[in-house]
Amino acid sequence: MVFPISFAYLIASNQLYDIGLVIRRFMFAGLMAIIPVSLFTGAYVFLFGQEVDDKQILFLFIGSIILVSSVLYVAEYWTTRLEPFLFPRKYALQFALKKISKNLGTISSFRELKEIILVDIVGTLQVMGGAIVFQYKNDTEIIYEGEIDTSEVQQLVNSSSLLDHPLYTCMEMNSHEEYSSYLIMTRKKTNTMLAKEERQWLQLITTYLEVSLENVHLIRKLTARLHQFASQLPHENAAQDIQWFRKVMFELQEEERIRIASDLHDTTMQDLFFLKRRISTLADKSTMHQEDQVQLKSMNNFVDMINASLRQSCFELNPHLLKEVGLIQTLKMYLEKESYTTSFELEFQAGHAAVIETKDLLTKRHIFRIVQELLNNAKKHSQASKVKFHIMEKDFCFRLIYEDDGVGFHDRDEVHPEIGASGMGIEQMRSRVLHVGGHFELNTQKGNGTKFIITIPIEEVISA
């Protein structure tokens with residue numbers, strides 16, 4: 001007696017199972033069954049009323065109610081279980097929605113927006129291509145995946161005729177003073193437009209994306225302002241309380257560069273390696289025509305060029321030679337290689353500066369990044385015919401001198417931090433010098449070239 005009573009108590013108090021939910025679901029199924037069962041019983045009485053009595057009719061009605069209610073109650077469970085087989089397209093869309101909504105929480109940049117979200121959307125809908133478009137007041141930015149004509153999309157967005165275009169499915173997401181954003185899909189690979197169910201799914205995706213896109217936009221603005229703030233911080237001696245901020249900013253930059261370099265090395269470069277082997281295997285086949293072999297060898301040479309370019313990019317992102325051969329030799333190799341691609345004559349002089357090699361790796365990395373930024377600025381803005389780097393030790397200080405005979409500029413107020421390709425800018429370069437306890441001197445005039453003198457005390461270098 002104790003066991004069944006305890007069992008009944010646990011069920012009644014919802015401690016063992018939510019019996020209330022079961023009862024409510026079964027009552028709802030019973031209500032749904034009343035109408036069809038009543039019609040069935042009425043038809044039965046109409047046809048066989050003379051042959052049956054009231055007890056049989058009552059039994060038929062109650063039995064049918066219980067049977068149909070049980071079927072409706074169980075149908076929900078089995079429909080969910082058998083959904084991948086009964087409704088495969090609907091199941092695929094729901095599964096993709098769960099995956100995308102889960103991944104949206106990890107998005108912090110436009111690159112991740114493409115790799116994590118846009119690739120899944122294009123793959124799930126089986127369209128030829130897709131894009132997320134950001135329309136600013138004076139600019140348009142397009143992140144795309146697959147086969148899609150970005151120039152045509154940009155023209156249609158600028159002319160406000162994309163929403164009704166017959167070849168694209170366009171969903172407007174965010175729209176405010178700073179920018180408007182759109183999610184655009186091409187036709188499916190079967191050359192048909194998206195079905196109604198897929199459009200509804202895409203509309204649901206946009207409601208998730210609206211918040212994520214706004215977050216990414218705000219992160220971008222915040223990052224730009226943090227870069228500006230970090231570059232304008234005063235000298236360490238006058239602001240010891242914010243030294244941690246500059247340190248964190250530089251560490252985050254280096255971590256991101258190293259991560260990107262690793263991704264390129266472990267994925268893209270490996271793919272190119274296997275592609276080259278595959279092309280070489282095809283070119284070596286005896287049945288291959290001579291013209292086809294020449295084309296394949298030409299493709300192999302092009303792959304080698306891409307691979308060499310990627311290796312250089314990986315090195316610039318993560319200069320591993322600093323640890324292996326030291327700062328001076330790394331700068332020499334880097335500038336010597338860059339001299340073949342620059343439009344100006346590039347000269348590098350290394351005087352007696354061996355003491356700098358005894359400093360920590362992060363300090364040498366700061367100096368390398370400064371040289372990198374100086375060279376990038378020379379390529380973009382100097383219009384020089386000759387650029388010279390000179391490193392030496394003088395008066396117990398390490399000196400890096402940069403000179404060019406380019407166009408120069410009026411004063412340093414015209415040079416603002418560049419949040420973009422190099423990620424540093426002149427002001428952030430100055431911030432690096434201050435962070436290692438050095439002095440930054442800029443001499444320039446419009447039309448008379450530019451000269452940077454960076455001085456770092458040998459005995460007072462601050463570890464990053």
Item to complete: Apply the test side-chain contact (heavy atoms from CB on, under 4.5 Å) to residues Glu338 and Lys379: give CA-CA distance (whole Å), side-chain angles for both, the deciding distance (0.1 Å), then the verdict.
Response: CA-CA 11 Å; Glu338 287 291 327; Lys379 290 179 180 179; 2.4 Å; yes
Practice prompt. Determine, stepwise, if the pair Met128 / Ile148 fulfils side-chain contact (heavy atoms from CB on, under 4.5 Å).
Written response: CA-CA 7 Å; Met128 290 183 286; Ile148 186 169; over 6 Å; no
Non-hydrogen atoms of [X] and [Y] that approach each other most closely:
X	Y	result
Ala96	Thr124	CB-OG1, 3.4 Å
Gly129	Val122	C-CG2, 4.1 Å
His381	Val407	O-CG2, 3.5 Å
Ala378	Val387	CB-CG2, 4.2 Å
Ile142	Ala131	CG2-CB, 4.0 Å
Phe389	Leu375	CZ-N, 4.1 Å

Surrounding [atom1] of [X] (heavy atoms of other residues, nucleotides or ligands, distance under 6.0 Å), is the total greater than 12?
X	atom1	value
Lys188	NZ	yes
Glu152	CD	yes
Glu291	CD	no
Met193	CE	yes
Lys276	NZ	no

Worksheet item: If we ignore angles and hydrogens, is there a donor and acceptor under 3.5 Å between the side chains of Asn138 and Tyr136?
Response: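 Not at all, the side chains of Asn138 and Tyr136 share no donor-acceptor pair under 3.5 Å.
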Using a 4.5 Å cut-off on heavy atoms from C-beta on, say whether the side chain of [Y] contacts that of [X].
X	Y	answer
Thr190	Gln126	no
Met269	Asn307	yes
Gln349	Met392	no
Ser181	Glu214	no
Met185	Glu198	no
Ile132	Met173	yes
Thr186	Glu147	no
Phe134	Ile143	yes

Rounded to the nearest 0.5 Å, how far does [atom2] of [Y] lie from [atom1] of [X]?
X	Y	atom1	atom2	value
Met305	Leu272	CE	CG	12.5 Å
Thr207	Leu202	OG1	CG	10.0 Å
Ser382	Asp405	OG	CG	8.0 Å
His439	Ile453	NE2	CD1	8.0 Å
Asn377	Asp404	CG	CG	10.0 Å
Cys170	Leu183	SG	CG	8.0 Å

Practice prompt. In sequence, state the C-alpha distance, the side-chain angles, and the governing distance for Glu357 and Lys364, and then conclude on side-chain contact (heavy atoms from CB on, under 4.5 Å).
Written response: CA-CA 8 Å; Glu357 303 292 0; Lys364 289 187 279 188; 3.8 Å; yes
Discussion item. Could you work out, with side chain to side chain donor-acceptor pair (under 3.5 Å) as the rule, every residue matching Gln290, not counting sequence neighbours?
Written reply: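 Once residues adjacent in sequence are excluded, Gln290 has no partner under the side chain to side chain donor-acceptor pair (under 3.5 Å) criterion.
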Item to complete: Taking side chain to side chain donor-acceptor pair (under 3.5 Å) as the test, write out the residues that go with Glu145, two or more places apart.
Response: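 Applying side chain to side chain donor-acceptor pair (under 3.5 Å) to Glu145 gives none.
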Discussion item. Go through it in stages, so that I can follow the logic: the residues are Leu400 and Phe452, the test is side-chain contact (heavy atoms from CB on, under 4.5 Å), and I'd like the CA-CA distance, side-chain angles, deciding distance and then a yes or no.
Written reply: CA-CA 8 Å; Leu400 169 64; Phe452 290 93; over 6 Å; no
Discussion item. Closer than 3.5 angstrom, by distance alone: can the side chain of Asn376 be matched with the main-chain N or O of Gln372 as a donor-acceptor pair?
Written reply: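 Present.
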Discussion item. Under the side-chain contact (heavy atoms from CB on, under 4.5 Å) test against Val153, which residue among Tyr182, Tyr144, Tyr168 passes?
Written reply: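 Result for side-chain contact (heavy atoms from CB on, under 4.5 Å) with Val153: Tyr168.
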Fill in: Member of Ile454, Val436, Thr455, Ile367 meeting the side-chain contact (heavy atoms from CB on, under 4.5 Å) criterion with Phe398
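Single pass found, and it is Ile367.
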Worksheet item: Could you give all pairs that pass the ring pair (Phe, Tyr, Trp, His ring centres under 6.0 Å) test and reach residues 281-302, with sequence neighbours left out?
Response: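 As it turns out, there is no ring pair (Phe, Tyr, Trp, His ring centres under 6.0 Å) pair with a partner in residues 281-302 once direct neighbours are skipped.
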